[in-house]
Amino acid sequence: MPIQNAEIAGLLEEMAELLDIEGANAFRARAYRRAARTIESLPQSAANLLEAGNDLADLPGIGKDLAGKIGEIVRTGRFAALEVEKRAVPAELAALAALPGLGPKRVKLLHDELGVRGPNDLRKAVAAGRVAALRGFGRGIEDKLKAALAKPVAPTRFKLANVEAEAEALLSYLKPALAGGQAIVAGSFRRRKDTVGDLDVLATSNSAKAVGERFVAYDNVDKVLAHGETRSTVVLRSGLQIDLRVVANECFGAALLYFTGSKAHNIALRAIAVDKGLKLNEYGLFDGQKRVAGATEKDVYRALGLAYVPPELREDRGEIDLARRKALPRLVQLEDIRGDLHAHTNWSDGAAPLQAMAAAAQAKGYEYLAITDHSLRMTVAHGLDAKRLAEQIDAIDRVNGSLEGFALLKGVEVDILEDGSLDLADDILSRLDIVVASIHSHFDLPRDQQTRRLVRAVEHPLVAVIGHPTGRLIGEREPLALDFDAVLAAARKVGCALEINAAPPRLDLDDVHAYAAREAGVKLVISTDAHATVSLDWMRFGVDQARRGWIGAGDVVNTVSLADLRRRLKPSRAT
DNA sequence: GCCGTTTTCGGCCCGACTGTTTTCAGTCG
């Protein structure tokens with residue numbers, strides 16, 4: 001089985017960490033990190049690219065040397081340079097740099113002076129009080145390390161939807177101290193990443209001090225990690241870390257840009273500034289002492305000769321080049337969505353009856369809602385057999401009879417069985433407006449078998465959409481082992497759409513897979529998989545991920561009118 | 001290790017905060 005991009009990226013990242021600790025040229029380590037990011041966000045597998053005869057050195061941040069090394073990893077599964085490095089630097093040392101107060105320099109010092117080779121050695125050295133005596137260390141750092149080593153490290157990331165409430169509560173708490181200024185959550189939250197590691201709050205106020213003091217006095221604060229003039233960091237009881245930065249109004253745009261990131265995007269922007277003889281920092285874009293831009297993000301981009309880049313695109317995945325050529329894609333917006341194509345009712349495991357779901361969808365301004373209850377195989381969900389599905393079809397007809405300017409579509413979320421066949425027969429499926437096919441079992445099949453299974457479902461002439469195609473549950477279940485390129489090729493050939501499932505625990509497809517689908521010419525649908533009326537609101541999370549995947553309204557099936565949709569869904573590809 | 005309408009060599013983003021120092025290195029974002 002060919003090596004996955006994530007594995008290659010992991011090896012490159014490991015190399016970078018060891019180079020840092022070894023004290024090698026920092027830019028060399030950075031080059032490995034950059035390459036790791038590039039590989040990680042590739043829309044296709046590096047292995048397939050190579051097989052198709054592509055030169056990886058054409059990719060940004062990857063030159064001849066790294067292309068060769070990645071080629072070696074793909075072909076042999078080995079990475080000789082990393083193995084050499086591991087002999088010089090114990091690989092366990094890399095883990096130490098994740099401890100608070102420790103970075104590559106101090107880890108190297110621990111290794112060179114105290115012979116520390118990993119967490120256990122460090123624990124002993126700390127217990128013996130030998131760490132505090134090292135140059136650049138001290139009692140303070142030693143105590144912090146002791147505390148950190150005592151509890152297992154759990155680098156948690158939070159689901160985007162889960163931190164929204166906390167973010168809103170904090171912003172309204174800060175308001176009294178802003179004195180007319182504003183506060184906004186920047187960082188990966190603003191870029192709408194599917195998970196966030198912390199929240200970056202940016203505030204403008206004439207009294208930075210008052211904001212900072214109110215911030216660290218917040219009720220939910222568990223620990224204050226840093227508290228300076230303009231910058232403070234706390235950890236909330238939930239474990240969520242919050243960074244606050246306060247700037248003056250005239251700096252707001254530059255600060256928002258800086259604090260939104262991504263880091264890679266910022267570095268690229270600053271390099272452009274340097275090219276132009278300017279300097280970009282969180283206070284503005286400067287020509288010598290003179291601020292030439294900074295009040296708004298648009299000003300800064302314009303002064304750099306770039307089009308405004310929406311936050312969701314700021315990942316240094318090619319957006320800067322397009323911004324320079326004023327050729328950024330127009331991204332899909334929530335307002336473009338004209339209906340939802342995946343929803344459940346109390347006919348299976350949903351909470352609401354047909355009428356309630358219809359009313360809720362119509363109230364959102366939608367033109368249509370597809371009812372896609374589970375099929376027979378999902379016994380826990382009271383999945384429908386052909387007989388009950390036929391009854392539901394009649395029930396939907398009755399509901400539609402009482403609706404105006406809106407239609408419920410007759411559908412199903414039919415299970416894809418282990419062999420790729422469907423859980424319901426063609427004669428009932430062919431009576432529906434839309435068939436969504438999804439995997440809900442046998443998540444751990446070998447890659448080849450899983451791929452064949454999904455491709456078979458894609459190729460079924462009555463299947464219009466594959467639901468949550470990779471099956472991942474964020475932080476709980478890994479995506480299916482799949483040759484995703486093969487799935488895309490099949491989907492493109494038969495015109496089957498892939499879903500961006502907007503349910504916060506799923507967000508499946510994710511941004512990178514969605515980007516790959518668009519590149520391959522595969523259509524997408526953005527659906528909520530709502531099991532209750534309120535969950536229809538999840539649409540915006542799906543739109544967020546679509547935007548991160550460079551998806552435009554034209555790539556999304558459910559941006560079209562009901563009449564167009566009916567034409568598109570009509571099975572015209574029977575073999 | 002990458003990269004180039006100023007460069008194939010010599011650069012490579014920039015500042016705040018902490019804890020250690022007594023002017024600053026390291027970490028962090």
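Numbers restart at 1 for each chain; the letters A, B, ... are given by sequence-line order, proteins then strands. These numbers come from a predicted model, not from an experiment.
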Closest-nucleotide mapping onto DNA chain B: is A:Leu102 or A:Tyr32 further toward the 5' terminus? I mean the 5' end. A:Tyr32
Listed once per pair and sorted, the ring-ring contact (aromatic ring centres under 6.0 Å, His included) pairs that draw on residues 242-264 of chain A, sequence neighbours left out: none
Strictly by Watson-Crick or wobble contacts shorter than 3.5 Å, is anything paired with B:dT8, and which nucleotide is it? none
Sorted by chain and residue number, the side-chain hydrogen bond (donor to acceptor under 3.5 Å, both in side chains) partners of A:Glu40 (sequence neighbours excluded) come out as none
Where at least one partner belongs to residues 67-79 of chain A, residue pairs that pass side chain to side chain donor-acceptor pair (under 3.5 Å), sequence neighbours excluded: A:Tyr32-A:Lys69, A:Asp65-A:Lys69, A:Arg78-A:Glu83
List in chain and number order the residues that pass side chain to side chain contact (heavy atoms under 4.5 Å, CB included) with A:Glu250, two or more places apart in sequence or in another chain; answer none if no residue qualifies. A:Ala248, A:Arg291
Distance between the C1' atoms of B:dT6 and B:dG1, in whole angstroms? 23 Å
For each nucleotide in nucleotides 8-14 of chain B, reading 5' to 3', give B when a protein heavy atom comes within less than 4.0 Å of its base, S when such contact involves only the sugar-phosphate, and - otherwise. ----BBB
Does a donor on one side chain and an acceptor on the other come within less than 3.5 Å for A:Ser238 and A:Glu166? yes
Sorted by number, residues from residues 287-320 of chain A placing a heavy atom under 4.0 Å from DNA chain B are none
Tell me yes or no: between the side chains of A:Ser45 and A:Asn5, is some donor less than 3.5 Å from an acceptor? no
Applying ring-ring contact (aromatic ring centres under 6.0 Å, His included), which residue pairs with at least one partner in residues 189-229 of chain A are found, sequence neighbours left out? A:Tyr173-A:Tyr218
Contacts of A:Ala293 meeting side chain to side chain contact (heavy atoms under 4.5 Å, CB included) (sequence neighbours excluded), chain-then-number -> A:Leu285, A:Asp299, A:Val300, A:Ala303
For atom P, what is the distance between B:dG11 and B:dC17, given to the nearest Å? 31 Å
Of residues 62-80 of chain A, the positions that come close to DNA chain B - non-hydrogen atoms, cut-off under 4.0 Å: A:Ile62, A:Gly63, A:Lys64, A:Asp65, A:Leu66, A:Lys69
Enumerate the residues from residues 137-147 of chain A whose closest heavy atom to DNA chain B is under 4.0 Å, giving them by residue number; use none for an empty result. A:Phe137, A:Gly138, A:Arg139, A:Gly140, A:Ile141
In residues 221-239 of chain A, what residues come within less than 4.0 Å of DNA chain B, judged by heavy atoms? A:Ala226, A:His227, A:Gly228, A:Glu229, A:Thr230, A:Arg231
Does B:dC28 have its OP1 or OP2 closer than 4.0 Å to a side-chain nitrogen or oxygen of A:Gln241? no
With sequence neighbours excluded, what pairs up with A:Glu85 under the side-chain hydrogen bond (donor to acceptor under 3.5 Å, both in side chains) test? none
